[in-house]
Amino acid sequence: MTRKESRLDSALTVLRGVGPALAQTLQRLDLYRVEDLLFLLPLRYEDRTTLVPIGSARPGMRCLISGEVLLAETVYRGRRSLLVRISDDSGQITLRFFYFSQQQQLQFQNGVRVTCFGDVRAGPNSYEIVHPEYRILREQQEPEVDDALTPIYPMTEGVQQGRLRNFVAQALGIMRSEAPAELLPEEVLQDLSLPKLDAAISYLHQPPQDVDLASIEAGNHPCQVRLSFEELLAHYMSLRNLRNLAARESAHALLDKSGLQERFLAALPFALTNAQQRVVAELKADLQVAHPMMRLIQGDVGSGKTVVAAIACAQAVSAGVQVAVMAPTELLAEQHMRSFSDWFQNLDIELAWLSGSQKQAERRASLAAIASGQAKIIIGTHALFQDAVEFANLAFIVIDEQHRFGVHQRVALRNKGKEGGKHPHQLVMTATPIPRTLAMAAYADLDTSVIDELPPGRQPVTTIALPESRRGEVVERVRQACAKGQQAYWVCPLIDESELLDYQAAEASFEILTDTLDTLRVGLVHGRMKNTAREKVMRSFKAGAIDVLVATTVIEVGVDVPNAGLMIIENSERMGLSQLHQLRGRVGRGAAQSHCVMLYKQPLGQLARNRLAVLRQTNDGFLVAQRDLELRGPGELLGTKQTGLPEYRIANLVRDAELMPLVQKSAETIQQRFPDASRAIIRRWLGNEHQYGKV
Ligand code: ADP
Ligand code: MG
C-alpha cells in the first residue's frame, strides 16, 4: 500500500502566510512540516465563551465579564492609576490601569457598558482586574462571546499568537480532508481504550465548551494520553531498535577458559550478597553469548558494584581478551585501580593505567602495554578512548557512574571498540538508582540488573536536619566522634555553580574547623586542587592520618573510607535529593553506627523541607530517587543534557511514568507484527531529530 504524498507531510510554506523566512523562524518551535503543527499543543486555553457574573468572579480566575461603569477616577496612592468601577446585577469589580491615555480615561463615562477579559485578583478594596483587554459597547450592542475556547500556543520571537493560531487552524483544516495515518494498530487502541489520533488532536486544539479543563491541566485527559502514549512509544521503540541491532551484531563469546574467574571468587575476602550473586550470574550468561552484552547495573551507593564488575572482568581476561574500565573522574578511576590491584595482584594479571594528567613516559609505557596485549585490564578516565589508544583485543567495556553518560556516547563507544566485525560487550554501572518506569524510558537500549541489597553488617545511617544556628553543637559532636577514633566528612556544596565560590566556602569552613578543632587533624579537598595534591589528602584520610575531611562535592561519588562514620553537609537545602543521598552513602560503610547531619539555612522553604524529610525517613536509594523524580523531574535526576534523555514534545515522564509498562507491551506487539507502523511512528515523532538508531 503506497500512500500518496500527503499535504500534512509538506513543508510549512504550503500554508497561507508562511514564506521561507517565517518557516525558518518556526523551526525554533520544532515545526518543520504541516503535521508538526498538529502536535504543537496549546499551553492553556482562554474561556471567552461565557460571561461570568461579576459577583462570582474570584481571584485566580481569568474570565470574561460585562458591566456598566459606576465611577472612573485617577488616584495617586504610591503610583498614579486609573480605577474604573463597573457592576452588573450580581456585583462590582474594579479595573485598574497604570498606563493610560487621557482619551482612555474619557471613554469610561458613567453608564457606559464595557466587556473585559483578564485575571481577577484581590485589590486593596475589592476584587480587580489589572490592565484587562476591554471593549466599549455601543448603545443596544450585546456583548459578544466566542463559540469555542481560545487556544494559547507557546510563542517564539517573531511569531504572534494570532498568526500561530491561524497556521494551526489551517493544518487542522488539511487534517480534516486527509486524516493523518492512524499508526496504532486497532488492538493496541482497544487495549488502551484511547481516542483516535485525529479526534484527539481536534479536541485538544479546539476543545468544546464543556471540556474538563482540570483534567487537561493535569495532563491526564484521554486525548493527551493518546498523544503522550504515541510519543513515548516512538522514543521507546527507537531505543529498542538499538538494542535489537546489538542482538544481531557479533561479539566474542567470553568463557572462563583458564579458570581465572573461579580463582578470583575463591580468593575474595568476603562472601557475595544474594543480589551480587544474582547479577554476577546474569553477567556471566550474557558474556558467554556471541552477541554484545548491553547491560546496566543499578545499585545503591555501597551496594558493591565494583567487585561484581571485577568478577565479569576476570571472565573476560580468562577468555583471553582485554577489558577497559572507565570512570568519570580521576579520583574514582584511581580508586578502581586500587581495588582491582588488590584483587588481581596475586592472580598474575597485568593492569594498565591511563589518565589525562599522566606523565608522558608513563603514558607511553601504558600505551605500549595496551597495544601489545600485555595489559589485560585497562583502567582510567575518558582518556581511554582517545584516538592514540590502540587496544590489542578489546572485547569488554565497563563504564562506572552511567548517569553522566548518555545514549549517544554509549553508541559512539560501541563503534569505537569495534574490531574485526565484532563489537565489545558493555557494562554500565550507576549509583543513582532510578524508578523502574523511568529506567524503562531512559535505558530501553540496555538490559538492567539491580543490586538491591547491601553487604551484611551495614547499619542504616541515621539522618537529622539542623538549622545552621546549631553549628556549634555539631562541631562539638565531630570532636567527640573523632576522639573515639572515628573520622568525619564536612561537605560544602556547590554555590552558584562557581568553582571559585565553591572553593572559598570550603576554604572558610576549613579555617574555622582547624581553629575550633585544634586537637584534631583537619584536611581539605576541592575541585581546584591539582589531582596529585587532592589524591594525597584523600590517601591520608583513607589511611586515618586525617580526622576531619572538609570537601566540596568532589567526594560525592564512589570514594570509600569505611572508618568515616559522620557526614556533615552544609547548605543542604541547596542540594538535590539524589545528591544528598549519594553523599550520605559515603558513611555507613563500616560496622559502627553512622550519622548524617544536614545543616540548613533558615528560613527553609516548603520544598526544601519536604526534601530533607524524605532523607530522614528512608535510606533506600530507589525511594529517594522516586521522590526526587516527583519533586524535581527526570532532568534533575539524570541530568537531561548529559544523559541524552529526550526532550518530549507532549509527554512528561513524571506525569506519564505509569504509561511505561503499557508502552513496553505495545512496543513489543508493534515491532513484531507491524514493523511498518513502528517505522512510521518513529518517523512521525523523531523524524526531525537526531535518531538513536537506524530504523
Ligand atoms: P558501590 O556499589 O557504591 O560502587 P563499592 O563497590 O565501592 O560500592 O563497595 C563498597 C565497599 O563494600 C567496598 O569496600 C567493597 O569492597 C565492599 N564490599 C562489596 N561487596 C561486599 C560484600 N559482599 N561483603 C562485604 N563487603 C563488600
Ligand atoms: Mg562505585
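All values derive from a computational prediction rather than experimental measurement. Indexing begins at 1, ligand by ligand and atom by atom, following the structure's order. Position 1 is the first residue of the sequence; numbering continues from there.
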> Is E453 touching ligand 1 with its side chain, its backbone, both, or neither, if touching means heavy atoms under 4.0 Å apart?
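Under 4.0 Å from ligand 1, E453 contributes no heavy atoms.
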> Evaluate Q276 for polar contact with ligand 1, using N/O atom pairs at a separation under 3.5 Å.
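For ligand 1, there is an N or O atom that lies under 3.5 Å from one belonging to Q276.
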> Is G302 in polar range of ligand 1, meaning some N or O pair under 3.5 Å apart?
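Indeed, backbone or side chain, G302 has an N or O that close.
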> Any non-hydrogen atom of A271 lying under 4.0 Å from ligand 1?
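Flag set, A271 near ligand 1.
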> Ignoring hydrogens, just give me the one of H336, Q298, Q277, R458 whose non-hydrogen atom is nearest atom 17 (C) of ligand 1.
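Looking at heavy atoms only, the winner is R458.
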> Please enumerate all residues that pass salt bridge (charged side-chain N to carboxylate O under 4.0 Å, His left out) together with R240, with sequence neighbours excluded.
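Once residues adjacent in sequence are excluded, R240 has no partner under the salt bridge (charged side-chain N to carboxylate O under 4.0 Å, His left out) criterion.
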> Could you check whether K284 and Q261, counting side-chain N and O atoms only, form a donor-acceptor pair closer than 3.5 Å?
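Side-chain D/A pair, Q261 to K284: present.
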> Mark the output for Q582 as yes if a heavy-atom distance to ligand 1 is under 4.0 Å, and as no if none is.
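No.
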> Between H581 and D300, is there a side-chain donor-acceptor contact under 3.5 Å, judged purely by atom types and distance?
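A pair is found: one side chain offers a donor N or O, the other an acceptor, under 3.5 Å apart.
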> Could you tell me, atom by atom, which parts of ligand 1 come under 4.0 Å of a heavy atom of T273?
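Once the distances to T273 are compared, the set is 23 (N).
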> Just which atoms of ligand 1 are under 4.0 Å from any heavy atom in V301?
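Counting atoms of ligand 1 from 1, those under 4.0 Å from V301 are 3 (O).
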> Should you measure from each heavy atom of S303, which atoms of ligand 1 turn up under 4.0 Å away?
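Those of ligand 1 that fall under 4.0 Å from S303 are 2 (O), 8 (O).
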> More than 12 heavy atoms of other residues, nucleotides or ligands under 6.0 Å from CD of E262: yes or no?
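No, because the 6.0 Å sphere around CD of E262 holds 12 heavy atoms or fewer from other groups.
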> Among residues at least two apart in sequence or on other chains, which ones pass salt bridge (charged side-chain N to carboxylate O under 4.0 Å, His left out) with R609?
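Salt bridge (charged side-chain N to carboxylate O under 4.0 Å, His left out) check on R609 returns nothing, list empty.
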> Say whether K305, considering both its backbone and side-chain N or O atoms, lies within less than 3.5 Å of an N or O atom on ligand 1.
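So ligand 1 has an N or O lying under 3.5 Å from an N or O of K305.
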> Does a side-chain heavy-atom distance below 4.5 Å link L283 with V308?
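Counting from C-beta outward, L283 and V308 do come under 4.5 Å.
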> Side chains of S318 and S258: do they bring a donor and an acceptor to under 3.5 Å?
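Distance-only check passes for S318 and S258.
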> Please list, in number order, the atoms of ligand 1 under 4.0 Å from a heavy atom of T306.
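Ligand 1 atoms under the 4.0 Å threshold to T306: 4 (O), 5 (P), 6 (O), 7 (O).
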> Any side-chain donor paired with an acceptor under 3.5 Å for T463 and R584?
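Short answer, yes.
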> May I ask you to list the atoms of ligand 1 that are less than 4.0 angstrom from any heavy atom of R589?
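Going through ligand 1 atom by atom, the ones under 4.0 Å from R589 are 3 (O), 7 (O), 10 (C).
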> Using a 3.5 Å cut-off on N or O atoms only, is P455 in polar contact with ligand 1?
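In fact, backbone or side chain, P455 has no N or O that close.
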> Students often mix this up, so state it plainly: with edges at 30° and 60°, are the rings of F396 and H425 parallel, tilted or perpendicular?
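If you compare the ring of F396 with that of H425, the planes turn out perpendicular.
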